[in-house]
**Q** 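Sharing a structure below in structure tokens format, with a few things to ask.
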Amino acid sequence: MRSAVSFAPIRRVLLAQMAERQARFESERVQRFPDSWARYVGAEFAQRARGDLPAANRWLDAYADAAQGRLPLAASDDEICDAARAAAHDGWHLIAGLRAVPAVVGALAQHCAAHGIAPAGVRKDCPQAAIARMLDPVWWLRRMRRAHAKRVEGAAIDAALVHRGGWLYASDDTVKRRAEQRERNRRAVAGAVLESDAGEVLDLQAAVDASTANPEVKNAEFMVRMRGLEEVAKREGHAAEFWTLTAPSSFHRMRQDEAGRVEPNPKWSGATPRQAQVYLCKVWARIRAAWARRGVQVYGFRVAEPHHDGCPHWHMLLFMPPEQCEMAREVFRLHALRLDGDEPGAEQHRVAFKSIDPERGSAAGYIAKYLAKNISGAFVGDDEEAAPGVSARDTVARCDAWAAAWGIRQFQQIGAAPVGVWRELRRMAEGVLNPLIERLRMAADLS
């Protein structure tokens, strides 16, 4: 009588081999990401694997392939510098046998595209300037840093790592790179001097500290400009309005459920914060054009700041004749809700209007919080987009890194005179003979 054959040992060996291959697969893919990502990527993979391991493997494989690229997401700034020098060097080799200028420009444009970088703009009367830029290592370095920052942030958002409870506004790697960039700039400025043709010597650090590169000076200047616009509005009898503009849900990577938990948004279209900002700019352009056709004139200030998942939204302090407010709101709402305006919550969350009562507070005070939150974090208190109890002083660096990575202009004056004239008048230390210029200089000097 034959004895029964046990397949249990064979099964254990096969299972052990499968587990080993799975572990190698996970380790190799996760290593393509920056070290600070490993815990978050691993947690997301584990959550997906509990429901469907093959699908989780496909997600990790595709996500890791996207992270590979010419430069890995974990590339250091030194590696980016080396890559920039190599790209510029390769450009010289590409055009070595070319004689016609259009052929040289075309070859270098393709070279830039292969690195995910837009080629330099070419002027018909001087194409040599664009060629020189695309062969310059410094030009390559600036653009490769920007492209790499966007790629890192895009990957972090795609993996649902940027949100309240994870990385607020921007990934830790981008925040760290931004801090390193500021430190490089500080070292470059320290000890340097400016010397004029007349022999005057000025400490460069002192010049930087006195400029709007200093957060305190920047915040103070914005508040002075806002107060000036408010005084003009009071003199003209104009109404003050505080409005908010938010992108549709398809631009948001994360959403908040009824219980307050943050989860991936199934409606997300894959849009980046930069694409959301472009969308908001287009909506604003349509609104301004519609106002112009109806004779509506507004002026004020706009602040772009991130939601917790990095998607931008706008806060605007606007002044206008009171009889135009209702029409201005209707036009604003019409264009703001043109895309997906029938989705749930659009009326409540996509647009918000608030009339400012001067007896209850200063109009500039309404926007002061949003200015400070994105410049210095001073006098703001808790950041409402962050976890409870988190100070805006602790999150301002993340707002700055977010804006720098995506190339988003955070502050914009609307419909008023350019600030450049005011700044030039403030630089005039001595009086002038022209009575009109002197009155303007004194007014600027007194803010």
Side-chain angles (χ1 to χ4, degrees), residues 118 150 153-160 162-164 169-170 241-258 262-298 300-318 320 324-355 367 370 374 384-385 399 402-403 405-412 414-415:
K150 287 184 174 67
E153 284 308 287
I157 291 172
D158 187 34
V162 178
H163 58 83
R164 183 189 304 116
Y169 305 142
E241 297 273 308
F242 187 76
W243 296 355
T244 299
L245 175 64
T246 304
S249 63
S250 59
F251 288 91
H252 293 262
R253 179 65 179 97
M254 309 299 289
R255 71 176 184 181
Q256 191 167 330
D257 63 15
E258 295 180 356
V262 175
E263 61 183 10
N265 176 20
K267 292 184 178 180
W268 181 56
S269 63
T272 65
R274 179 64 190 175
Q275 290 169 327
Q277 177 73 358
V278 169
Y279 162 79
L280 294 175
C281 289
K282 288 181 179 178
V283 171
W284 178 239
R286 295 191 193 106
I287 292 170
R288 295 288 297 274
W291 280 345
R293 289 192 295 270
R294 291 166 173 80
V296 177
Q297 295 183 341
V298 304
F301 226 83
R302 184 269 289 166
V303 178
E305 67 170 9
H307 284 292
H308 67 100
D309 63 352
C311 183
H313 61 287
W314 290 7
H315 296 291
M316 287 173 281
L317 177 58
L318 301 174
M320 65 193 76
Q324 294 183 340
C325 286
E326 192 59 37
M327 182 194 300
R329 286 190 178 197
E330 290 177 4
V331 171
F332 190 94
R333 181 184 289 105
L334 173 67
H335 290 280
L337 299 178
R338 176 184 288 185
L339 178 63
D340 297 337
D342 57 348
E343 65 180 351
E347 285 279 354
Q348 294 79 17
H349 304 296
R350 295 263 300 276
V351 291
F353 304 104
K354 185 172 185 179
S355 296
I367 205 166
Y370 301 99
N374 291 277
E384 60 188 22
E385 288 286 338
C399 289
W402 166 82
W406 292 113
I408 291 177
R409 183 178 180 182
Q410 292 177 281
F411 314 103
Q412 184 177 15
I414 298 168

**Q** Check whether Asp309 reaches the backbone of Arg253 with its side chain - one donor and one acceptor, N or O, closer than 3.5 Å.
**A** yes
**Q** When the side chains of residues 336-345 are checked against the rest of the protein, which donor-acceptor pairs come out under 3.5 Å, sequence neighbours left out?
**A**
{"unit_1": "Arg338", "atom_1": "NH2", "unit_2": "His335", "atom_2": "ND1", "d": "3.3"}
{"unit_1": "Glu343", "atom_1": "OE1", "unit_2": "Ser249", "atom_2": "OG", "d": "2.6"}
{"unit_1": "Glu343", "atom_1": "OE2", "unit_2": "Ser249", "atom_2": "N", "d": "3.3"}
{"unit_1": "Glu343", "atom_1": "OE2", "unit_2": "Arg350", "atom_2": "NH1", "d": "2.9"}

**Q** Where is the tightest heavy-atom contact between Asn374 and Ala304, given as atom of each residue plus distance?
**A** OD1-O, 4.4 Å
**Q** Enter the distance from Glu263:CD to Arg255:CZ here, rounded to the nearest 0.5 Å.
**A** 4.5 Å
**Q** Please list, chain by chain and in numerical order, all residues satisfying side-chain hydrogen bond (donor to acceptor under 3.5 Å, both in side chains) with Arg329, sequence neighbours excluded.
**A** Glu241, Ser355
**Q** So, does Trp243 use its side chain to make a donor-acceptor pair with the main chain of Val351 at under 3.5 Å?
**A** no
**Q** If you look at every heavy atom in Pro312 and Leu280, which pair is closest and at what distance?
**A** O-CD1, 3.7 Å
**Q** Distance from Cys311 atom SG to Tyr279 atom OH, nearest 0.5 Å?
**A** 10.0 Å
**Q** How many angstroms lie between CD in Gln297 and CD in Gln324, if you round to the nearest 0.5 Å?
**A** 7.0 Å
**Q** Side-chain contact, heavy-atom cut-off 4.5 Å: Cys325 with Phe353?
**A** no
**Q** Does Arg288 have any side chain to side chain contact (heavy atoms under 4.5 Å, CB included) partners at least two apart in sequence or in another chain, and if so, which?
**A** Trp284, Trp291, Ile414
**Q** Going from CE on Met327 to CZ on Arg294, what distance comes out if it is rounded to the nearest 0.5 angstrom?
**A** 7.0 Å
**Q** In this structure, which one of His349, Lys354, His315 forms a side-chain hydrogen bond (donor to acceptor under 3.5 Å, both in side chains) with Thr244?
**A** His315
**Q** Evaluate the side-chain contact (heavy atoms from CB on, under 4.5 Å) criterion for residues Val296 and Val331: first the C-alpha distance (whole Å), next the side-chain angles of each, then the deciding distance (0.1 Å), finally the verdict.
**A** CA-CA 10 Å; Val296 177; Val331 171; over 6 Å; no
**Q** Distance from Tyr169 atom OH to Glu153 atom CD, nearest 0.5 Å?
**A** 14.0 Å
**Q** Does a side-chain heavy-atom distance below 4.5 Å link Phe242 with Met316?
**A** no
**Q** So, using side chain to side chain contact (heavy atoms under 4.5 Å, CB included) as the criterion, who are the partners of Gln412 when residues are at least two apart?
**A** Arg302, Arg409
**Q** Can you classify the ring geometry of His308 versus His163 as parallel (below 30°), tilted (30 to 60°) or perpendicular (above 60°)?
**A** perpendicular
**Q** Identify all side-chain donor-acceptor contacts of residues 267-278 below 3.5 Å with residues at least two apart in sequence or on another chain.
**A**
{"unit_1": "Trp268", "atom_1": "NE1", "unit_2": "Ala271", "atom_2": "O", "d": "3.1"}
{"unit_1": "Ser269", "atom_1": "OG", "unit_2": "Ser250", "atom_2": "O", "d": "3.0"}
{"unit_1": "Thr272", "atom_1": "OG1", "unit_2": "Arg274", "atom_2": "N", "d": "3.4"}
{"unit_1": "Thr272", "atom_1": "OG1", "unit_2": "Gln275", "atom_2": "N", "d": "3.2"}
{"unit_1": "Arg274", "atom_1": "NH1", "unit_2": "Gly407", "atom_2": "O", "d": "2.6"}
{"unit_1": "Gln275", "atom_1": "OE1", "unit_2": "Thr272", "atom_2": "N", "d": "2.8"}
{"unit_1": "Gln277", "atom_1": "OE1", "unit_2": "Trp314", "atom_2": "NE1", "d": "3.1"}

**Q** Any chance you could measure His307, atom NE2, to Phe251, atom CZ, to the nearest 0.5 Å?
**A** 12.0 Å
**Q** Looking only at non-hydrogen atoms, find the nearest pair between His252 and Ala247 and report the distance.
**A** NE2-O, 3.3 Å
**Q** Excluding sequence neighbours, so at least two apart, what forms side chain to side chain contact (heavy atoms under 4.5 Å, CB included) with Gln256?
**A** Arg164
